[in-house]
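The structure appears below as structure tokens.
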Amino acid sequence: MEESPTPGCLGRTLSQAGGVSLADPAEYRRVVVGALQYVTMTRPDIAFAVNRTCQFMTHPTDVHWLAVKRILHYLKGTISHGLRFQSSSPLDLQGYSDADRASCLDDRCSTGGFCIFLGLNLVSWSSTNLKMVSKSSDESEFWSLVTLSAEPIWIQALLRELCISVPAPTLQKFTLRSCELFKELRDEIGELCHLEVLDLEDTEITKLPVTIGKLANLTSLKVSFYLPVNGNRKNDPANRIIPHNVISRLSQLEELSLDVNPEDERWNASIKDILKEVFCLNRLHFLKLHLPEVFLLNGLRNLSWMHFKFIVGNNLKRIISRLPHASIKFEEQESCLKYMNGVGIPTEIN
């Protein structure tokens, strides 16, 4: 029997419509249900491929049977593979999840998978079809994460029965980029006291909740805001894009990226207060934000030690706003931008 380098064929998706029905599907069911499902208990590397073949138990075809044979060929070449357990300290629970959106050609459901480590040892894993049809890849990733979140709770309860204490699972990094369905960051975010990274770049939200200030361990904050369609741009405290004294309370912050719509008057009205709070962050070494007016650059002269990226002005054509000739004093400053009326601006800045 030939050996196969992978348990599944990359770039090929199985479906119920492919191939010719097997005359005797009993052998297919014996191999898949009676053998391969048990092998996944010690071979998580074939969990996804076995999950796919299990979906055609009712009417397997010759194409499905070839997929089963490929798994057997792979096992033959990797007969020495398995799980290795070793002592480790501390016994932290760490989980990872992933999803393949609309991977099933028959019902367009996504396939989700997760794995959980206890210390350095892999103790739980799964690959299964999600029960709902996701409208975006972000939604399928979210539901895969929901499936994952229940597993550490069960493992913790089991370990307690065995009189083994493990630290409570904590969320340290939260990344959700370019998600069109996520519009509001709820106040409950402040309860994630161990959170160190909050990355919502290109996931546009309306504003930051005041409870962000509770995240004392936060070292990286990347947020994108969108302009409300209701036209409510009044300058009042309740409508601030970032509540007062929130940024200054994040004393451990090392990276700060605030992406806004240049026409958002909420930002333009509060930028001076936000800059004052930014100057209080002694650990900050990376800063990205939008400055609606050029004179605000004056307050940034002492940030020569910091990596920064600024978008200056309100022109949406990706050019820096023109300076009046009266601002020639900028030409005398070595630590400030010297480009007058758009002349000589490098392409990296333009």
Return the orientation label for the Tyr28 and Trp65 ring planes: parallel under 30°, perpendicular over 60°, tilted otherwise. tilted
Contact check, side chains of Leu83 and Phe85, non-hydrogen atoms, under 4.5 Å: yes
Flag, side chain of Thr219 to backbone of Leu253, donor-acceptor distance under 3.5 Å: no
Rounded to the nearest 0.5 Å, how far does CG of Asp100 lie from OG of Ser110? 7.5 Å
Taking Asn51 for its side chain and Ser127 for its backbone only, find out whether a donor-acceptor pair lies under 3.5 Å. yes
Would Ile205 and Tyr226 count as a side-chain contact (heavy atoms from CB on, under 4.5 Å) here? Give the steps. CA-CA 6 Å; Ile205 60 176; Tyr226 77 92; 5.6 Å; no
Using a distance-only test with no angle check, is there a side-chain donor-acceptor pair under 3.5 angstrom linking Arg70 and Thr6? yes
Hey, are Thr78 and Arg43 close enough side-chain-wise for a donor-acceptor pair under 3.5 Å? yes
Is there a side-chain contact between Leu258 and Phe225, using heavy atoms and a 4.5 Å cut-off? yes
Using distance alone, with no hydrogens and no angle criterion, decide if Asp45 and Tyr74 have a side-chain donor and acceptor under 3.5 Å apart. yes
When rounded to the nearest 0.5 angstrom, what distance separates SG in Cys9 from CZ in Arg52? 13.0 Å
Point-to-point distance, once rounded to the nearest 0.5 Å, from CD of Glu254 to NE2 of His285: 4.5 Å
Do the side chains of Phe48 and Leu145 join up, straight or via other hydrophobic residues, at under 4.5 Å, putting them in one cluster? no
Salt bridge Asp199-Arg177, side-chain N to carboxylate O under 4.0 Å: yes
Measure the shortest side-chain to side-chain distance between Leu93 and Gln156 over non-hydrogen atoms and say whether it is less than 4.5 angstrom. yes
Do Ile189 and Leu208 share a hydrophobic cluster (ILVMFWY, side-chain heavy atoms under 4.5 Å, transitive)? yes
Go through Gln37 and Cys54 one step at a time and tell me if the side-chain contact (heavy atoms from CB on, under 4.5 Å) criterion holds. CA-CA 9 Å; Gln37 283 192 326; Cys54 284; 3.2 Å; yes
Which pair of heavy atoms, one from Thr40 and one from Ala47, lies closest together, and at what distance? CG2-CA, 4.1 Å
What are the two closest non-hydrogen atoms of Leu130 and Ser140, and how far apart are they? CD1-O, 3.7 Å
Can you find a pair of side-chain heavy atoms, one from Glu255 and one from Leu287, that are under 4.5 Å apart? no
Establish whether Tyr38 and Ile71 are linked, either directly or via other cluster members, by ILVMFWY side-chain heavy-atom contacts under 4.5 Å. no
Donor-acceptor contact below 3.5 Å, side chain Asp62 vs main chain Val20: yes
Can you confirm whether the side chains of Glu151 and Ser124 place a donor and an acceptor under 3.5 Å from each other? yes
Salt bridge or not for Glu277 and Lys272, using N-O below 4.0 Å? no
Minimal heavy-atom distance between Leu195 and Leu198, with the atoms involved, is CD2-CB, 4.2 Å
Between Asn121 (side chain) and Val123 (backbone), is there a donor-acceptor pair under 3.5 Å? no
Spell out, as yes or no, whether a donor-acceptor pair under 3.5 Å connects the side chain of Ser88 to the backbone of Gly119. no
Measure the spacing between OG1 of Thr211 and CG of Asp187 and express it to the nearest 0.5 Å. 4.5 Å
Got a donor-acceptor contact below 3.5 angstrom from the Trp267 side chain to the His290 backbone? yes
When you measure from the side chain of Ser224 to the backbone N and O of Asp202, does any donor-acceptor pair fall under 3.5 Å? yes
With a 4.5 Å limit on heavy-atom distance, are the side chains of Ile116 and Phe114 in contact? yes
Any salt bridge between Arg240 and Asp273, counting N to O under 4.0 Å? yes
Looking at every non-hydrogen atom in both residues, tell me the closest pair between Ser144 and Asp98 and how far apart they are. OG-O, 2.8 Å
Are Ile247 and Ile242 close enough, and set up right, to give a side-chain contact (heavy atoms from CB on, under 4.5 Å), and what steps lead you there? CA-CA 8 Å; Ile247 298 296; Ile242 300 179; 3.9 Å; yes
Between Asn217 and Cys193 (side chain of the first, backbone of the second, donor and acceptor by atom type, cut-off under 3.5 Å), is there such a pair? yes
Taking every heavy atom of Pro44 against every heavy atom of Leu122, the minimum-distance pair comes out as CG-CD2, 3.6 Å
Distance in Å, Gln252 CD paired with Leu215 CG, rounded so as to fall on 0.5 Å steps: 12.0 Å
What do you reckon, is NE2 of His59 surrounded by more than 12 foreign heavy atoms closer than 6.0 Å? no
Under a 3.5 Å distance rule, please check whether Arg249 uses its side chain to pair with a backbone N or O of Ile212 as donor and acceptor. no
dist Cys280:SG -> Leu275:CG (nearest 0.5 Å) comes out at 11.0 Å
How about Leu36 and Leu72: do any of their side-chain heavy atoms sit closer than 4.5 Å? yes
Which atom names give the shortest non-hydrogen contact between Leu14 and Ala67, and what distance separates them? CD1-CB, 3.8 Å
Answer whether the closest heavy-atom distance between the side chains of Ile155 and Leu158 falls below 4.5 Å. no
Would you say Leu22 and Leu66 are hydrophobically clustered, going by side-chain heavy atoms of ILVMFWY under 4.5 Å? no
Hey, are the side chains of Leu120 and Gln86 touching, using non-hydrogen atoms and a 4.5 Å cut-off? yes
Hydrophobic cluster membership, with links at side-chain heavy-atom distances under 4.5 Å among I/L/V/M/F/W/Y: are Met57 and Val50 in one? yes
Lys222 and Glu201: CA distance, side-chain angles, deciding distance, side-chain contact (heavy atoms from CB on, under 4.5 Å) verdict: CA-CA 6 Å; Lys222 298 180 181 180; Glu201 203 163 22; 4.1 Å; yes
